[in-house]
Amino acid sequence: MLKKKLPDMDLMQIARSGQCFRMEEKQEGIYALVAFGKYLEIGQEGDVFSFSCSEQEFQEIWRNYLDLDTDYGIIKASVDPGDPYLTEAARLGWGIRILRQELWEMIITFLISQNNNISRIRRSIELLCRTLGEDRTAENGRQYDTFPGPEAIVRGGMAVLKTLGLGYRDKYVYRTAQAVLEGTLNLEELKRADYEEAHRRLTAQYGIGRKVADCICLFGLYHIEAFPIDTHVKKILEVHYPLGFPHDKYRGYGGILQQYMFYNDLNEKLYRTARIVV
DNA sequence: TTACAGGTCCGGA
DNA sequence: TCCGGACCTGTA
């Protein structure tokens with residue numbers, strides 16, 4: 001078991017920050033995730049983490065995936081102390097990192113997320129992977145499913161998508177998979193594009209509006225200047241920033257601050273009922 | 001029963 | 001450019 005001491009990271013906070021829907025707590029303090037076709041378990045005790053992979057795989061895949069070369073301490077320290085709301089949000093979400101997840105998975109995930117609730121999003125994605133993903137076995141014997149590529153989704157067709165509880169989003173998923181296969185939506189070009197160009201191309205796709213495009217840019221392309229405004233963030237901005245959020249102060253990485261705010265809003269009920277000890 | 005979920009599309013003003 | 005209604009479906 002590989003052990004690492006890592007700063008500014010908390011698995012529960014990452015799992016509850018709304019950026020990933022497949023990260024699952026297997027036991028107390030042990031989380032499982034699937035990415036790049038691989039299965040990983042991470043255990044956390046304070047700032048010491050154990051990984052169910054080799055040092056080589058950690059360096060090749062997970063170090064980047066967990067965004068470990070970004071110093072979140074600097075980001076948190078840049079928060080204006082005269083901004084009590086953001087200061088508190090960053091304090092409570094101190095262990096959030098932006099995972100560098102796979103672009104295709106983020107496109108489909110956030111297409112499904114629209115006008116939807118988190119438990120149903122998770123359920124739909126789990127079903128999607130179980131139905132159309134590849135069934136694999138990890139080195140420790142765990143069974144897991146990969147996230148299905150565009151080929152698998154088109155092969156399954158609308159008939160299979162209808163069984164996943166996606167509602168009216170099923171046609172968005174299908175047509176996006178088609179667009180990637182046909183080359184209308186080129187993922188490699190999307191990865192090379194800057195934020196504005198990527199956002200423009202994404203919103204041109206049927207079913208992807210501003211908000212979903214921003215989520216894809218932030219979580220699938222690591223354009224951390226993207227600042228998705230959903231119902232939660234919209235409410236936060238109305239209440240705490242009636243004169244507008246000070247984007248100029250945090251130019252280039254607003255998306256990370258948005259995550260602190262989003263996490264805070266999503267989980268404040270849990271904090272209030274003291275189910276999570278801060 | 002109605003409202004709400006990490007919205008988008010579409011038609012009309 | 002802006003606005004309102006429709007939209008799948010599960011949960012409270």
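A, B, ... follow the sequence lines: proteins, then strands. Residue 1 opens every chain. Side chains included, hydrogens not; waters and symmetry mates left out as well; all remaining heavy atoms used. As the structure is a computational prediction, the values presented were derived from the model and not from experiment.
Base-pairing analysis of DNA chain C finds the following stems of at least three consecutive Watson-Crick or G-U pairs, with both pairing distances under 3.5 Å: B:2-5 with C:9-12, B:7-13 with C:1-7.
Here, dG6(B) and dC3(C) have their P atoms 25 Å apart, quoted to the whole Å. If you take atom P in dC10(B) and the same atom in dC8(C), they sit 13 Å apart, rounded to whole Å.
Nucleotide dG6(B) holds its C1' atom 12 Å from the CD1 atom of I125(A), rounded to whole Å. Atoms CG (L111(A)) and P (dG6(B)) sit 16 Å apart, rounded to a whole Å. One can place CG of N115(A) at 11 Å from P of dC8(C), the figure rounded to the nearest angstrom. At whole-Å resolution of the value, CZ in R122(A) and P in dG6(B) are 12 Å apart. The CD1-P distance, from I112(A) to dG6(B), rounds to 14 Å in whole Å. Between the CG atom of N116(A) and the P atom of dT8(B) there is a distance of 13 Å, rounded to whole Å. Between the CE atom of M106(A) and the C1' atom of dG6(B) there is a distance of 13 Å, given to the nearest Å. We find that CD1 of I121(A) is positioned 11 Å from C1' of dG7(B), with the value rounded to whole Å.
Listed pair T231(A) / dG7(B) meets the phosphate criterion, a side-chain N or O lying under 4.0 Å from OP1 or OP2. Proximity of K234(A) to the phosphate of dG6(B): no side-chain N or O atom is located under 4.0 Å from OP1 or OP2.
With dC8(C), dG10(C), dG6(B) as the choices, the nucleotide that has an atom nearest any side-chain atom of Y168(A) turns out to be dC8(C). Nearest to the side chain of Q114(A), among dG10(C), dG6(B), dT8(B), sits dT8(B). Comparing dG6(B), dC8(C), dA5(B) by their nearest atom to the side chain of Q258(A) picks out dG6(B). With dC8(C), dG6(B), dG7(B) as the candidates, the nucleotide lying closest to the side chain of P228(A) is dG6(B). When the nucleotides dG6(B), dG7(B), dG10(C) are ranked by their closest atom to the side chain of V212(A), dG7(B) comes out on top.
Between F245(A) and Y85(A), a ring centre-to-centre spacing not shorter than 6.0 Å is recorded.
Taking a 6.0 Å sphere around CZ of R63(A), one finds it holds 12 or fewer heavy atoms contributed by other residues, nucleotides or ligands. Residue Q56(A) qualifies as open at atom CD: its count of foreign heavy atoms under 6.0 Å is 12 or below. In E196(A), the CD atom is not crowded: 12 or fewer heavy atoms of neighbouring residues, nucleotides or ligands sit closer than 6.0 Å. The environment of E139(A) atom CD is sparse: at most 12 non-hydrogen atoms of other residues, nucleotides or ligands sit within 6.0 angstrom. For NZ of K26(A), the number of neighbouring non-hydrogen atoms (other residues, nucleotides, ligands) closer than 6.0 Å is greater than 12.
Salt bridge E41(A)/R142(A): present, at least one basic N to carboxylate O contact under 4.0 Å. Ion pairing between E126(A) and R130(A) holds under the 4.0 Å rule for side-chain N and carboxylate O. Salt-bridge formation is detected for the pair R201(A)/E197(A): a Lys NZ or Arg NE/NH1/NH2 atom is positioned less than 4.0 Å from an Asp or Glu carboxylate oxygen.
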Nucleotide N/O to protein N/O under 3.5 Å, stretch nucleotides 9-13 of chain B:
residue: dC9(B); atom: OP1; partner: G207(A); partner atom: N; Å: 2.8

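A donor-acceptor contact under 3.5 Å is not formed by the side chain of R169(A) with the base of dC7(C).
Contact detail for G254(A) and F227(A): the closest heavy-atom pair is O-CD1, 3.4 Å.
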